[in-house]
Amino acid sequence: MKFPKFRARRLRTSEGLRRMVREARLSIDSLIMPYFVVHGRGVRREAKSMPGIFHFSIDTLIEEVKEAKTLGIPAILLFGIPKAKDDLGSESYAKDGIIQMAVAEIKAHVPDMVVITDTCLCEYTTSGHCGIVRNGKVINDESLELLAKIALSQAASGADMVAPSDMMDGRIGAIRKALDEANFSETAIMSYSAKYASSFYSPFREAADCAPRFSDRSSYQLDVANSDEALREIRLDIEEGADIVMVKPALAYLDLIFRAKEETGYPVAAYSVSGEYSMIKAASSLRFLDEKRIVLEILTCIKRAGADIIITYFAKDVAKWHAFN
Ligand code: PBG
């Protein structure tokens, strides 16, 4: 059908009509709120690089998570900041590690919140790398054992889902096997499958104190120029047992979100990372952008690209705004 029989503007004439033909919908159901948890009591310290995002001790985090629950947010993603770092990142799998204690407390106080734990070493190792380092290199296969140990300790503390973000080869298979052998066959895995070596993580690295002490992460995270390779990573993770696959970052990687959904049909999570958050915060504090409108636009576009789930530091704000249906 051609103009003048076809007039695209007919269906744009009122908000009611626009609502009826709207294709992508942002819903609170698809949001995951990330949190940083630290040792201590009564801590609620704002991250310099991420205005509005805080370090919480377990007691203050519980209050936060209760509020998130009341707002209708179904899931949270936890990052731990340890007391001390060492070569093996030993607090990452300790029974009394910050994450293990936080998960147990959250599950005790807010049992129906879905608790997801970031499974990685970089916050816990002296090197700041996501695997074990020897002679200046990140060693793959030995790191797998350690990552499986972390995932297992997180599952044992009550995590519903683990989210390996290290990008070692074979980690999903190793983690799935370890979980199954220890009777955690119901613990799900959301894999950071297409995780790029991105500069958008800088605010997070300052907030979580996990920047690599030498070199960078390009020997394990994806080259930002590649998409076929990302699809290989995603397929491999699915074969190894991932339940949800993730693309990270989100905003500049919408093509990957689209391909991941189209080519696998699996649940796809998109991580709108710290740099995306802080960029919007900075621009809106200068009044260059309207924060609420830009956040709702970007998140809707991430949905439109094909994401089922969005991890965003704006999750609570979005839930408060109720500006969508
Ligand atoms: C840990 C991890 C990082 C992020 C999530 N998990 C940092 C990194 O890979 O350097 C980044 C999240 C964000 O920027 O919001 N490996």
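Whatever order the structure lists them in is the order used to number ligands and atoms, beginning at 1. Keep in mind that what you see is a predicted model, and the values were worked out from it rather than measured.
- With hydrogens left out, the protein atom closest to atom 14 (O) of ligand 1 is Ser274 OG, 2.7 Å, a heavy atom.
- The single protein non-hydrogen atom nearest to atom 8 (C) of ligand 1 is Arg217 NE, 3.5 Å, given as residue, atom name and distance.
- Ligand 1 lies within reach of Gln221, whose nearest heavy atom is under 4.0 Å from it.
- Close contacts between ligand 1 and Tyr271 involve ligand atoms 12 (C), 15 (O) [criterion: under 4.0 Å to a heavy atom].
- Between Glu263 and Arg235 there is a salt bridge, since at least one side-chain N of the basic residue sits less than 4.0 Å from a carboxylate O of the acidic one.
- The part of Cys120 lying near ligand 1 is the side chain, judged by heavy-atom distances below 4.0 Å.
- With a 4.0 Å cut-off on non-hydrogen atoms, Ala211 does not touch ligand 1 at all.
- Neither Ile139 nor Leu146 shares a network with the other; the hydrophobic side chains, linked directly or stepwise wherever heavy atoms of I, L, V, M, F, W or Y lie under 4.5 Å apart, form separate groups for each.
- A salt bridge links Asp209 to Lys85: at least one charged side-chain nitrogen sits closer than 4.0 Å to a carboxylate oxygen.
- The ligand atoms of ligand 1 that sit less than 4.0 angstrom from a heavy atom of Tyr313 are 12 (C), 13 (C), 15 (O).
- Inter-residue side-chain proximity for Lys303 and Arg25 is flagged as unmet; no heavy-atom pair is nearer than 4.5 Å.
- Cation-pi geometry between Lys195 and Tyr201 is met: under 6.0 angstrom from the ring centre, within 45 degrees of the axis.
- Ranking the protein heavy atoms by distance from atom 9 (O) of ligand 1 puts Lys195 NZ, 2.7 Å first.
- Of all the heavy atoms of Asp118, the ones lying under 4.0 Å from any atom of ligand 1 belong exclusively to the side chain.
- When Lys248, Arg205, Glu206 are ranked by how near their heavy atoms come to atom 11 (C) of ligand 1, first place goes to Lys248.
- Using a 4.0 Å cut-off between charged nitrogen and carboxylate oxygen, Glu262 and Arg259 do not count as a salt-bridge pair.
- When non-hydrogen atoms are compared, ligand 1 lies under 4.0 Å from the side chain of Cys122 (C-beta onward) but not from its backbone.
- In summary, the aromatic rings of Tyr253 and Tyr196 are positioned with their centroids under 6.0 Å apart.
- Salt-bridge formation is not detected for the pair Glu229/Arg232: no Lys NZ or Arg NE/NH1/NH2 atom is positioned less than 4.0 Å from an Asp or Glu carboxylate oxygen.
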